[in-house]
Amino acid sequence: MLCVGGNIVSVGTTKGALRDPWLKKHRREITEIDCGGGVVLPGFVDSHTHPVFVAPRLLDFEKRIEGASYEEITAAGGGIRSSLEGVRKATKSVLSARVLAVLHEMAAQGTTTVEAKSGYGLTVESELKSLEAIRDAASRWPGTVVSTLLGAHVVPKEFQGRSQKYVESVCKEMIPSAAKRKLARFVDVFCDKGAFTGVETEQIFAAAQEHGLRVRAHMGQLSETRLSPFLRFDPASFDHMDHVSDDDILELARRDTVATLVPGANYFLGLKKYPDARRLIDAGVPVALATDYNPGTSPTVSMPMAMSLACTHMKMSPAEAMAAATFNGAWALRVADRKGSIEPGKDADLAVFAVKDYREIPYWFGANHCAVTILNGTVSAYG
Ligand SMILES: [Zn+2]
């Protein structure tokens, strides 16, 4: 594989590459990486993460072990709202340093493109600060970051009982500012019981569309929501999808909205049920896999772990898991023209694994066999 200037130029046998006239002339300037019989994959595209927070949620972790449910933990002052104070108080540089550290951790496991959401500030100021922190970290990381405004994560306490007022602030302040300052490419909404209703989600999507931002949503994690009212906004992805009807699956199969499954959350919450990937894939819905990296329900940076859970708990084949973690993730972020596969013309985003067979990546769960990651042509060795 020959990469020049951050792009893949040609792919083929060594013999073929050595015949390339450009290569003959520039042989000396070339950095050669001998992958030693390992597996080279397109870098993982982690299309759903929440990296802007300050502290882990260890109290939630213990409470859940003692048997408290997601809703009970939220009612007891834990959950998403308990991450707000830290983010509101933190400076942008503290947040940005944390995001950058996580991006490096992700790259060490083979991830080269990351979708990063705000959503733990939930004031105009702290959501914009979170997006600025993402932009700042992204500028210091060789990989690619796609940022998403998740001002509609939950209704913050000061707006309790007045969710419409909060939605107004998302639509009239956060979205226009984020769009104007080009701080986000997507707007996300957590549409579920205890978060935002379908009608509120439509309002937020309409505001996003009006300001030229694309939309995606957390959908069907705790309860089922009818998807058809949202399809006119052409969402790039519906994420979680634990609860979805057959009718909606048929509808999705006719479109290019991706179902992004995040089994790390099901694992960490100790749920017996996982999203029904087979039902989606067999119906023809494109399925992506992501870590859902976040402090409450999925504190993992590992795409190989997400793939392993997809194989063991969702009955996806290793090949399906690999496509879901690369190409379909790129599609879910609408960057599939540049990311997600090893093809001439695409960005040089690669991950080299010290294994003989790609199926070993989900097989050796909990281990990291990524030896080298190449991010937009920049080589990082980890193994
Ligand atoms: Zn999420």
Side-chain angles (χ1 to χ4, degrees), residues 44-53 56-57 60 64 70-71 73-74 78-84 87 99 102-103 106 111 113-122 127 130-131 134 145-156 170 184-196 201 204-205 208 214-223 225 230 235-244 257-269 271 274-275 287-303 305-306 309-310 324-325 328-329 332-333:
F44 294 129
V45 178
D46 192 347
S47 57
H48 182 142
T49 85
H50 305 251
V52 193
F53 63 89
R57 294 221 296 264
D60 293 20
R64 198 175 305 114
Y70 188 93
E71 290 91 340
I73 289 169
T74 303
I80 293 165
R81 289 185 189 96
S82 64
S83 291
L84 301 187
V87 170
V99 174
V102 168
L103 292 173
M106 289 172 165
T111 299
T113 299
V114 175
E115 185 259 12
K117 306 174 198 295
S118 65
Y120 292 115
L122 308 188
E127 285 299 299
S130 299
L131 291 173
I134 292 169
V145 176
V146 174
S147 44
T148 296
L149 170 67
L150 179 57
H153 202 179
V154 285
V155 177
V170 172
R185 207 183 298 176
F186 286 96
V187 169
D188 192 343
V189 180
F190 185 8
C191 177
D192 219 315
K193 60 178 183 187
F196 294 88
T201 302
I204 295 164
F205 278 6
R214 297 211 54 165
V215 300
R216 53 200 317 109
H218 287 65
M219 204 55 88
Q221 180 182 7
L222 310 167
S223 60
T225 304
F230 311 119
S237 172
F238 287 135
D239 301 30
H240 284 277
M241 301 287 274
D242 294 73
H243 304 274
V244 57
T257 299
V258 175
T260 301
L261 310 182
V262 291
N266 299 67
Y267 164 78
F268 193 72
L269 292 171
L271 305 181
Y274 281 71
V287 164
L289 284 170
T291 60
D292 191 15
Y293 174 76
N294 79 78
T297 62
S298 190
T300 180
V301 296
S302 173
M303 287 296 282
M305 185 67 194
L309 292 171
N328 289 0
L333 297 181

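This is a predicted model, so every value here is computed, not measured. Counting starts at 1 for both ligands and their atoms, following the listed order.
- Considering every non-hydrogen atom in both A195 and H153, the closest pair reads CB-O, 3.9 Å.
- Within 6.0 Å of the CZ atom in F230, the count of heavy atoms belonging to other residues, nucleotides or ligands exceeds 12.
- By the ring-ring contact (aromatic ring centres under 6.0 Å, His included) test, F238 is found to be paired with no residue, residues two or more places apart in sequence or in another chain being considered.
- Protein N, O or S atom count below 2.8 Å of the Zn ion (ligand 1): the structure gives 4.
- Between R185 and E115 there is no salt bridge, since no side-chain nitrogen of the basic residue lies less than 4.0 Å from a carboxylate oxygen of the acidic one.
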(request) Decide yes or no on side-chain hydrogen bond (donor to acceptor under 3.5 Å, both in side chains) for H48 and H218, but give the supporting numbers first. (result) CA-CA 10 Å; H48 182 142; H218 287 65; 3.0 Å; yes

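- Of the residues D188, D46, D292, the one that meets the salt bridge (charged side-chain N to carboxylate O under 4.0 Å, His left out) test with K117 is D188.
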